[in-house]
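The next block holds one structure in the form of structure tokens; read it before the comments.
These values consider heavy atoms only, across backbone and side chains, with no hydrogens, waters or symmetry-generated copies. Lettering follows sequence order; numbering is per chain, from 1.
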Amino acid sequence: MFGSGRFSGLRVLKEGLTGNKGWTPHWRDPEPKSEYDVIIVGGGGHGLATAYYLAQEFGLKNIAVLEKGYLGGGNVGRNTTIVRANYGLEGNSQFYSHSLKLWEQMEQDLNYNAMMSQRGIINLFHNDGQRDASIRRANAIVNQGDDAEIIYRDDLKKLLPYLNFDNNRFPIMGGLMHWRGGTARHDAVAWGYARAADQLGVDLIQNCEVTGIDVEGGKVTGVQTSRGPIKAKKIGLAAAGRSSQVAAMAGLTLPLESHVLQAFVTEGLKPIIDHVVTFAEGHLYISQSDKGGLVFGSYIDYYSSYAARGNLPMVEHTMETLVAMVPSVAKARLLRSWGGIMDMSFDGSPIIDKAPVEGLYLNCGWNYGGFKATPASGHTFAHLVALDRPHAAAEKMRLDRFRTGRGIMDEEGTGAQHNLH
Amino acid sequence: MRITCPICGERDMREFTYRGAALPTPPLEADVETWVDHVHLRENAAGVLRELWQHTMGCGAWLVVTRNTITHEILDVVLAEEAGIGIPVAEEQP
């Protein structure tokens, strides 16, 4: 058996006592074969999860994941690790609910420690309007079968005593707590899916850039890559911020713009922030990693970018908002900041659908929310690729909603327009 | 990023508001499909992109900025009206 065998607490103990000499690589490094039944383009969280579910649930055997860099080197390793199902709109609601259920069983399914931590996520509100919107959203979350609790100021002061409750402009009235939300170790999610897919026989092929998609008579026949041509009956694209370039190889233009979203982490501090906390004004979200670093971010930079790094105005905005919400961390030193390339759709919701080329499937438009979607994205995309019909939880993620106007999922209510999400 | 407004000179990007790709507006009589594509679909270039910015906290002019989306280097800035980008004004209002 490849993939370093089965992990267990007992094995950690045994390896620890015998010099840790029994560990082997988590997955093989195979040469690409000349033909596969299914090729997934993109070895990030979504692509790896898709390959895993194709093999595990849908019984496909001849699958490859093609990754131009290394596994998990894109957004799955660049996010703020938040997991949640606190959506309110039909379409998103059932999808993220499905995703959270998969998160809760992921570590057992994959035999991998993803450090899933359901520490709760709380969205703070500052005024009557936001409170009413939060109550409405809480009811929607409860109706979808998940958990939500409105916590008002007095109780919140006991739970989150470090917040600045009396900020002059944005006093805190309360928050919407979603207790089953939390964080997971982002890299481990990619590695866990990679290892489990590899154990099921999926070929994970790294340093293999797709340079062309072969289409004959309106049907895909394979791909050209930096490691030679590979034939395939079906091709699933899970290329996130690079989706437009990959889809263009099949002659498609997508309703996407790629933008940069920055994230930040401080030096390690003693435990202060026990949950994931979001500040409504300024769109700040923060949690504390197990190493003690505060992990936080806010808006995208709001201009097209493939640079994977941002500019200072949004750095400044994010720091200002953090200090407005938690003044006590003002002197914490920032350790690192980085950017990820977000595939922004213009209603802010994703696309999991067939492309208008037979045998080609699209998984894109994850905006700034791809990480929490990882298991459901993989699961429902695998369903679509294997069975040629959408999974019930993802049937609203249609490509044609922009054309028809039906089923637009503008969760933020800012308007379905490219520069507003 | 700093953007050189043709009217105001070089300014911090905070003074500007981003709109997106600077696309030629289809003729008003174009069919629905053309308009749907114009509103929704984007080449989303990784490299040189012509895009619309407005100097909202300055002179208010709409600008066509030619910028490399991989390096953030700004290659050219012209007034949108000189670049012929914008909503055509109907010559006779009904």
Side-chain angles (χ1 to χ4, degrees), chain A residues 68 239-249 251-260 299-317 320 339 341-347 351 356 364-365 399-406 408 415-421, chain B residues 1-5 10-26 30-58 62-77 80 85 87:
Chain A
K68 74 171 178 177
R242 288 281 181 170
S243 292
S244 295
Q245 279 76 47
V246 180
M249 295 174 195
L252 302 178
T253 309
L254 300 178
L256 299 177
E257 281 186 0
S258 293
H259 285 242
V260 58
Y299 293 110
I300 57 171
D301 269 33
Y302 281 108
Y303 50 83
S304 288
S305 175
Y306 288 87
R309 61 181 164 76
N311 268 283
L312 286 172
M314 198 51 73
V315 177
E316 189 177 21
H317 164 84
E320 284 171 354
I341 307 168
M342 308 289 112
D343 35 332
M344 306 298 294
S345 71
F346 74 132
D347 65 353
I351 297 160
C364 59
L399 176 62
D400 71 358
R401 68 180 186 270
F402 306 110
R403 185 168 296 274
T404 62
R406 282 191 290 276
I408 294 283
Q417 186 176 308
H418 266 305
N419 61 336
L420 298 180
H421 288 274
Chain B
M1 287 191 298
R2 294 174 70 80
I3 297 172
T4 304
C5 172
E10 185 183 328
R11 298 298 173 94
D12 187 285
M13 65 171 285
R14 265 169 276 222
E15 294 187 10
F16 299 84
T17 305
Y18 186 68
R19 181 68 176 85
L23 305 171
T25 311
D31 61 16
V32 169
E33 289 299 305
T34 304
W35 274 102
V36 165
D37 290 354
H38 173 75
V39 172
H40 302 120
L41 302 187
R42 295 290 179 267
E43 297 291 331
N44 196 17
V48 176
L49 177 68
R50 290 176 80 229
E51 51 194 18
L52 278 170
W53 293 73
Q54 188 181 16
H55 197 183
T56 37
M57 294 169 80
W62 280 96
L63 310 174
V64 174
V65 177
T66 306
R67 191 176 60 93
N68 187 322
T69 59
I70 296 173
T71 63
H72 296 164
E73 183 187 7
I74 291 169
L75 305 166
D76 188 40
V77 186
I85 296 289
I87 306 291

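If you measure heavy-atom distances from B:Leu49 to chain A, the contacts under 4.5 Å come from the side chain alone. The part of A:Tyr302 that comes within reach of chain B is its backbone (N, CA, C, O), which places non-hydrogen atoms under 4.5 angstrom from that chain. Residue B:Asn68 does not touch chain A at all, counting heavy-atom pairs closer than 4.5 Å. Only the side chain of A:His259 comes within contact range of chain B, judged by heavy atoms closer than 4.5 Å.
The closest donor-acceptor contact from the side chain of B:Arg67 to the backbone of A:Ser304 lies under 3.5 Å. A donor-acceptor pair is defined here as one N or O able to donate and one able to accept, closer than 3.5 Å; no such pair exists between the side chain of B:His40 and the backbone of A:Pro255.
Nearest heavy atoms, A:Arg242 versus B:Ala46: NH1-CB, 3.4 Å. Minimum heavy-atom separation, B:Met13 to A:Pro313: CG-CG, 3.8 Å. In terms of heavy atoms, B:His72 sits closest to A:Asn311 at ND1-ND2, 3.7 Å. Minimum interatomic distance between B:Leu41 and A:Thr253 (heavy atoms only, all atoms of both residues): CD2-O, 3.5 Å.
Between A:Tyr303 and B:Tyr18, the ring planes are perpendicular. Angles over 60° get that label, and only those under 30° would be called parallel.
Under a cut-off of 6.0 angstrom, the local environment of CZ in B:Arg14 is crowded, with over 12 non-hydrogen atoms contributed by other residues, nucleotides or ligands.
Applying the salt bridge (charged side-chain N to carboxylate O under 4.0 Å, His left out) test to B:Arg11 and every residue at least two apart in sequence or in another chain returns B:Glu15. Residues satisfying the salt bridge (charged side-chain N to carboxylate O under 4.0 Å, His left out) test with A:Asp347, not counting sequence neighbours, are A:Arg401.
Here the straight-line distance linking atom CG of A:Leu254 with atom CD of B:Glu43 works out to 10.0 Å at 0.5 Å rounding.
Two residues are said to be in side-chain contact when any heavy atoms from C-beta on lie closer than 4.5 Å; A:Glu257 and B:Glu51 fail this criterion. Counting heavy atoms from C-beta on, the side chains of B:Arg42 and A:Leu256 never come closer than 4.5 Å. Taking 4.5 Å as the limit, some side-chain heavy atom of B:Glu33 sits within range of a side-chain heavy atom of A:Arg403.
Counting only N and O atoms by type, the side chains of B:Asn44 and A:Tyr306 include a donor and acceptor under 3.5 Å apart.
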